[in-house]
Every structure is written in structure tokens, then in C-alpha cells.
Protein chains: 2
Amino acid sequence: MAGTLLGRINEQYNQFSETEKKVSTYILNHAELIPNMTTNELATKAGVSEASVIRFAKKIGIGSFKTFKISLAQELAVKEDYITDFSILQKKDSPYEMFQKVVHVNKNAIESTMESLDKKELEKAVDTLKNARKIVFFGIGGSSIAATDALNKFAKLGFEVEFNTDFHYMLSRMPFVNELDVFVAISMSGETKDVLELTRIAQKKGAKVIAITNMNKSPLYKEADIRLATPVVEKDFRIGSITSRMTQLTIVDTLYICIFNLIGEKVLDEYQEARDYVITLRR
Amino acid sequence: MAGTLLGRINEQYNQFSETEKKVSTYILNHAELIPNMTTNELATKAGVSEASVIRFAKKIGIGSFKTFKISLAQELAVKEDYITDFSILQKKDSPYEMFQKVVHVNKNAIESTMESLDKKELEKAVDTLKNARKIVFFGIGGSSIAATDALNKFAKLGFEVEFNTDFHYMLSRMPFVNELDVFVAISMSGETKDVLELTRIAQKKGAKVIAITNMNKSPLYKEADIRLATPVVEKDFRIGSITSRMTQLTIVDTLYICIFNLIGEKVLDEYQEARDYVITLRR
DNA sequence: CTATTTTATGAAATTTTATTTCATAAAAAA
DNA sequence: TTTTTTATGAAATAAAATTTCATAAAATAG
């Protein structure tokens with residue numbers, strides 16, 4: 001029941017406010033009606049305001065009420081419960097069985113990015129990046145993978161880019177950031193101290209901050225100008241999150257392809273030239 | 001196919017007017033995108049008016065476009081029917097559409113790793129890594145991402161590990177590799193010169209070579225002792241492979257979790273201690 | 001305790017999306 | 001031909017989702 005929408009609502013029930021409890025009670029009791037209801041109808045039935053209905057969807061990690069309805073419809077259409085119980089990774093099975101589970105878990109993680117990512121925020125991000133003079137990425141630990149990937153991709157598109165896993169090096173580069181630049185902060189928890197510090201400095205220097213982070217009330221999520229939310233999936237305190245990289249990379253891929261489509265053509269020819277040149281060198 | 005929405009559209013196709021055919025063609029080709037589209041978006045894509053989209057929903061016996069979207073979402077949740085047309089990434093669509101496609105493509109790539117990876121080779125790899133004195137990873141370009149991730153993960157498990165994107169640095173380290181060690185070569189094409197050279201040196205020094213590479217007749221695939229094959233998916237010469245990272249990472253995840261399960265427990269306690277210590281430092 | 005800030009909420013305003021209406025042009029029938 | 005019917009898109013309208021703003025309650029600081 002862990003990875004399902006209804007399961008998640010059920011689990012978090014005790015942490016909800018009174019208003020949120022009203023909404024979730026109605027949803028849990030009348031799940032199959034929700035996909036065809038409007039915010040107004042649900043608000044009335046649950047005895048709350050429409051705004052609270054919208055807020056509830058976001059609270060449980062879904063970008064919009066519309067998406068919530070679609071996701072719920074899909075969930076209810078499949079009878080069997082999803083195997084999104086990530087504890088399966090802890091069992092000691094054969095390598096091939098483990099492999100199948102990893103495939104499953106990773107696919108699921110990517111799929112649920114559809115629920116967390118907000119359409120408008122994505123559009124804002126693409127628009128902001130397109131016009132950036134310089135793009136500074138930062139992420140440590142597992143998130144450094146996505147930061148590195150982003151660095152490579154945007155470098156290839158001809159942007160002035162910057163990223164190093166060393167916090168102090170990055171710190172030394174922040175004085176040269178200005179309001180024409182974009183700072184992309186990547187952190188699953190949104191609470192990593194180093195990431196937050198650089199984010200605040202970037203903002204003070206007038207740069208736009210795009211956060212790729214879990215949808216929650218973390219400082220990073222709150223403080224960012226543009227929020228690209230990753231889904232809150234498993235976080236096994238023993239194994240560590242293996243899926244957050246996948247969701248972060250999916251968002252990086254999207255940004256790359258979008259910008260590529262906007263400015264790609266001319267950059268491409270130059271890139272192709274460079275590649276051809278390398279090939280002749282190697283001969 | 002009969003009772004389904006898509007089936008019905010398909011059956012009635014010949015009785016449709018020109019405008020209706022346009023709408024149904026788009027729907028049949030991009031069914032999974034419809035639930036998150038607006039009338040306006042679909043109208044634009046199909047090259048018809050919004051009114052015609054609404055009329056189309058009614059034509060096939062659905063009360064409203066909203067209901068149509070919900071029904072379609074439910075229908076698609078049940079059946080597994082994948083699009084493997086990766087050229088979709090080239091079209092210039094809106095950011096959110098691109099995002100949906102990226103999600104789709106990445107999910108598919110991971111899924112098809114199931115077809116390429118050989119059970120016995122995986123078992124051999126796990127067995128070999130388990131007993132390694134030192135593990136040397138190498139990958140450049142896009143494959144450096146997976147190499148870095150592997151480095152981090154196996155370092156966390158207490159292995160002696162090595163990886164640097166700099167070929168010459170790696171070259172300088174190869175004299176210290178011996179028959180107790182494992183060299184993990186990561187390359188999509190299996191033809192990258194630098195990777196091949198290091199692979200050959202490693203083999204000459206008596207190390208076991210594990211290749212994470214596309215399943216084809218590349219030199220790397222042929223020469224490796226153990227082959228962990230990634231699926232041959234899209235390779236757009238313009239955009240570059242966005243999916244190979246996903247498949248490579250899935251394999252790295254698998255190796256990590258397998259080894260973790262074999263030797264994990266004792267390492268964990270030590271790791272937890274280190275984490276706790278960091279937390280006290282930060283306070 | 002009191003003042004200040006933060007948080008949660010609903011009402012109202014705004015934006016987005018779906019649907020209907022109406023005018024027009026093409027096809028069919030008289 | 002002329003009239004009628006039909007199909008369609010543009011524009012208008014209605015409905016729904018989302019954001020903004022004001023306010024009251026709760027938490028925190030002084």
C-alpha cells in the first residue's frame with residue numbers, strides 16, 4: 001500500500017491538519033467518485049474551501065488537482081496493489097531477482113515524477129534557463145550525479161556552466177554570479193546545509209534559483225524561485241535512496257531536451273564539427 | 001480491443017469525417033498523452049478546432065471531454081502497450097509534453113534492460129566483485145555518470161575503489177592493478193578508444209574485466225570477461241543518448257544492492273557511526 | 001504575559017479549460 | 001439552379017481550477 005496515492009494519504013493521516021483530515025476522510029471513503037468531481041464539489045462534500053482542496057493535492061505531493069484526479073483514476077483501474085513497497089530491496093534474493101526489483105522500483109520512481117512535477121514551474125524553468133548568461137549547478141552526495149549530468153549537457157549546448165562538488169570552491173565562485181545568472185540547486189531532502197547556503201548567496205546576488213527537490217516543506221523548496229518537484233519515494237535509511245537519481249536525471253533530461261529544441265540547430269552544427277575533428281585526430 | 005475506447009475509435013475510423021479522422025489519428029498515436037492534455041492542446045495538435053474535439057468525444061459516446069480523459073487514463077492503466085518510437089524526442093513540443101515523452105522513453109529503456117541483461121553474467125559479476133581487492137571503474141562522456149555513481153556506492157561499501165575521468169591519470173594508476181582486482185569498463189558503444197586501452201592493460205595485468213556496454217559486436221563486448229549488456233535503444237546522433245545513463249545506472253544499482261546484501265550488515269554499522277558523527281559536527 | 005511572526009484557511013479575483021452558440025461554406029436534396 | 005442540410009471553426013460563454021489576498025489562530029520571541 002506504500003506507493004499508492006490512497007496508501008500515502010492513509011499513512012500521513014495523523015500528521016494532517018483538521019481541514020486536511022476532512023478532505024482525506026472524504027477521499028478515502030469515496031475514492032472512486034473523486035476522478036469525476038470538481039474542486040468545488042469535493043470542497044462542499046468535505047466541508048472545506050476549494051483552495052484547501054488544491055492545497056491538499058500539493059500536500060501529498062501531486063502538482064495539481066487535475067493530475068490528482070487522473071492518477072487516482074489510474075490507480076483505481078488496476079485491481080492488484082502496486083509493489084511499491086521498497087522494503088523488497090532488503091530481502092536477500094538472487095542477483096537476477098534483485099535486478100528485476102531494481103528495474104521495477106526505478107521505473108516506478110520515474111513514473112511518479114509525472115505526479116510531482118508542475119507544468120507551469122517547468123515552463124518557467126525552461127524560459128529562465130533559455131535566457132541565462134551563466135548556469136551554476138550544485139548538488140552533493142547522490143545529487144552530485146544529476147548536477148554533473150546537467151553540467152555536461154548544458155556545456156554541450158554552449159552555455160557558460162559551473163559545478164564542482166567542492167563546497168568551498170563553489171563558494172569562491174559565487175561572487176561572480178549576478179542577476180543574469182541561474183542557480184540550479186539539486187537536493188533530495190531540500191535541507192542540505194551546503195546547498196542552502198549557496199542558494200541564499202545566489203539569491204542575494206540576484207540570480208534566479210531553480211530547485212530540483214522533493215515536494216515538501218523543506219527550506220529549499222520554500223525559498224526557490226522555481227520548484228521542479230521530485231516525488232517522495234522510498235528513502236531507506238540503510239541503503240540510501242537509489243531512486244532519487246533517476247527522478248532528478250529525468251528532470252535534467254527534460255530541461256536539456258527543451259532547451260535543445262529551442263536553441264539547438266545552430267549549436268549542433270558547431271558540435272558536429274568538433275566531433276568530426278576529434279575523429280580525424282584519433283586516426 | 002472491442003470494448004475499449006481506443007478499440008471503438010479504431011473500428012469506427014472509416015465512418016469518421018475528415019476532421020474526426022484527424023482527431024482520432026492523433027489520439028490513437030498518442031493515447032498516453034491525452035489524459036493530461038486540454039481541448040486546446042489536442043485541437044492544435046490534431047489541426048482542428050476545440051469544438052471539434054468536444055464533438056468527437058460525444059461522437060464516440062462519451063458525455064464530455066473531461067470524462068473521455070478519465071476513461072482513457074483508466075483504460076491505459078490496465079493494459080501495457082508501449083511506444084518504442086524514440087524519434088518523438090525530436091519534435092518541438094511544449095516543455096510538459098517533452099517531459100511526458102522523456103518519462104516514457106526512460107521508463108522504456110529501463111524496462112528493456114530486462115531483455116539485454118543475462119542472468120548468468122550478472123551472477124558472475126556479483127561473485128567476482130564480492131571478492132575483489134580493488135575495483136577500478138572507467139567511463140567517459142555520458143558513461144562517466146554511471147562510473148561516478150558506482151565509485152560512490154562501492155566506496156560506501158568499504159571497497160578500495162578508483163575512478164577519474166582523466167584518461168592519463170587512470171593510465172598512471174594501471175601499473176598498480178593486479179589479478180586480485182576488477183576493472184569495470186562502462187561504454188555505450190563499446191568502441192571508445194580510451195576505455196578499450198585501459199581494458200587491455202587491466203587484462204594484461206591479470207585483472208578481471210566486467211563490461212557494462214550495449215549488446216553488440218563491439219571490441220569491448222568481445223574482449224570483456226563478463227558482459228553486462230545494456231539494451232540498444234535510441235541513439236539520436238543529434239541529441240545524443242539520454243537513456244543509456246538510465247540503463248547503466250540500473251545495472252550499477254543492481255550490483256550495489258546485491259553486494260550490499262552479501263556483505264552489508266557489518267559495513268552498515270560503521271557507516272551509521274560515520275553519519276551520526278557528521279550530524280553532531282553540524283550542530 | 002504581550003508583541004511579533006508564522007501558519008492555516010476561506011472568500012474573492014483571476015486564469016485556464018470546457019462547452020455552447022452562431023455564422024459560414026460546402027455538400028446534398030429538391 | 002435554389003433550398004436545405006451538414007460540418008466546421010471563431011467567438012462567446014460557462015465551468016472549473018488556481019492564485020491572491022485578508023484574516024484569524026497558533027507559535028515564537030522578547
Side-chain angles (χ1 to χ4, degrees), chain A residues 12-27 33-73 115-124 215-219 221-223 225-227 229, chain B residues 12-27 33-73 94-97:
Chain A
Q12 294 182 47
Y13 189 86
N14 292 319
Q15 293 137 50
F16 288 154
S17 72
E18 281 313 305
T19 311
E20 287 162 350
K21 276 181 185 167
K22 283 185 203 164
V23 178
S24 52
T25 301
Y26 188 86
I27 293 174
L33 301 180
I34 309 296
N36 292 306
M37 285 177 99
T38 66
T39 46
N40 186 274
E41 284 167 345
L42 176 51
T44 309
K45 291 283 177 191
V48 302
S49 70
E50 289 185 65
S52 296
V53 168
I54 306 272
R55 282 187 203 113
F56 182 80
K58 304 213 163 150
K59 173 96 176 193
I60 57 167
I62 309 277
S64 75
F65 182 65
K66 266 184 293 174
T67 310
F68 175 73
K69 289 199 291 186
I70 300 281
S71 299
L72 193 58
E115 289 164 11
S116 63
L117 190 75
D118 187 272
K119 197 172 171 176
K120 276 190 207 148
E121 294 291 303
L122 174 64
E123 278 161 12
K124 273 197 267 175
M215 183 180 247
N216 54 24
K217 294 194 170 172
S218 70
Y221 187 81
K222 280 188 217 159
E223 294 172 26
D225 299 302
I226 298 170
R227 305 167 236 264
Chain B
Q12 295 182 48
Y13 190 85
N14 292 320
Q15 294 138 50
F16 288 154
S17 72
E18 281 312 304
T19 310
E20 287 163 348
K21 275 181 185 166
K22 283 186 202 165
V23 178
S24 52
T25 300
Y26 188 87
I27 293 174
L33 301 180
I34 309 295
N36 290 306
M37 285 177 100
T38 66
T39 45
N40 185 273
E41 283 167 344
L42 176 51
T44 309
K45 290 288 166 193
V48 304
S49 69
E50 289 185 64
S52 297
V53 168
I54 305 274
R55 283 187 202 114
F56 182 81
K58 305 211 165 153
K59 174 97 177 190
I60 56 168
I62 308 277
S64 74
F65 182 64
K66 269 184 291 175
T67 311
F68 175 72
K69 290 199 291 185
I70 302 279
S71 303
L72 193 56
S94 75
Y96 196 70
E97 285 170 290

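Chain A is the first sequence line, chain B the second, and so forth, proteins listed ahead of strands; every chain is numbered from 1.
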- Message: Applying a 4.0 Å non-hydrogen cut-off, can you work out what B/V53 is touching in the nucleic acid: base, sugar-phosphate, or nothing?
- Response: nothing

- Note on the structure: To the nearest 0.5 Å, atom NZ of A/K45 lies from atom OH of A/Y26 at 5.0 Å

- Item | Rounded distance in Å - CZ (B/F68) to P (C/dT19) | 12 Å

- Message: Measure CZ/A/F16 against P/C/dA8 and give the value in whole Å, please.
- Response: 13 Å

- Message: Using every non-hydrogen atom in the two residues, find where A/L72 and A/P35 come nearest and quote the distance to one decimal.
- Response: CD2-CD, 4.4 Å

- Task: Using five base pairs at each end, measure the axis-to-axis angle across the helix from C/dC1-D/dG30 to C/dA30-D/dT1 and round it to 10 degrees.
- Result: 10°

- Report the distance from atom CD of A/E20 to atom C1' of C/dG10, rounded to the nearest whole Å. 14 Å

- Calculate the interatomic distance between A/K21 atom NZ and C/dT9 atom P; express it in whole Å. 11 Å

- Protein-nucleotide distance (A/I70, atom CD1; C/dT17, atom P), rounded to Å: 13 Å

- Message: Quick check for you: to the nearest 0.5 Å, what is the distance between B/Q12 atom CD and B/K59 atom NZ?
- Response: 7.5 Å

- Query: Roughly, in whole Å, what's the span from CD in A/E18 to C1' in D/dA25?
  - Reply: 13 Å

- Examine D/dA7: is either OP1 or OP2 under 4.0 Å from a nitrogen or oxygen in the side chain of B/S52? Give yes or no. no

- Within the structure shown, what part of the strands sits under 4.0 Å from A/K69 by heavy-atom distance: base, sugar-phosphate, or nothing? sugar-phosphate

- Query: Is there a side-chain contact between A/F56 and A/I27 (heavy atoms, below 4.5 Å)?
  - Reply: yes

- From C/dG10, D/dG9, D/dA17, pick the nucleotide closest to the side chain of B/T19? D/dG9

- Item | Inter-residue atom distance A/I70.CD1 - A/I62.CD1, 0.5 Å rounding | 11.5 Å

- Message: Checking the side chain of A/E50 only, and the main-chain atoms of A/T39 only, is there a donor and an acceptor separated by less than 3.5 Å?
- Response: no

- Item | Spacing of NZ belonging to A/K120 relative to NZ belonging to A/K124, to within rounding of 0.5 Å | 8.5 Å

- Between C/dT17, C/dT19, D/dT8, spot the one nearest the side chain of B/S17, thanks. D/dT8

- Task: Check the distance between C/dT16's C1' and A/K120's NZ and give it to me in whole angstrom.
- Result: 7 Å

- Item | Distance (rounded to the nearest 0.5 Å) between A/R227 CZ and A/Y221 OH | 5.5 Å

- Query: Would you say B/L42 and B/F65 make side-chain contact, with heavy atoms under 4.5 Å?
  - Reply: yes

I'd like a table of atom pairs between the protein and nucleotides 20-29 of chain C - only N or O on both sides, under 3.5 Å - with the distance next to each one.
unit_1: C/dT20; atom_1: OP2; unit_2: B/K58; atom_2: NZ; d: 2.7

- So, with a heavy-atom separation below 4.0 Å from DNA chain C, the residues of residues 33-45 of chain A are none

- Item | Atom pair CG/CD of B/N36 and B/E97 - distance to nearest 0.5 Å | 10.5 Å

- Name the residue closer to the 5' end of DNA chain D, choosing between B/S49 and B/K66 according to the nucleotide with the nearest heavy atom. B/S49

- Note on the structure: Here the distance between atom P of C/dT7 and atom NZ of A/K59, to the nearest Å, is 12 Å

- Item | Side-chain donor or acceptor of A/S116 paired with backbone N/O of A/G61 under 3.5 Å | no

- Minimum side-chain heavy-atom gap A/Y13-A/T25 below 4.5 Å: yes

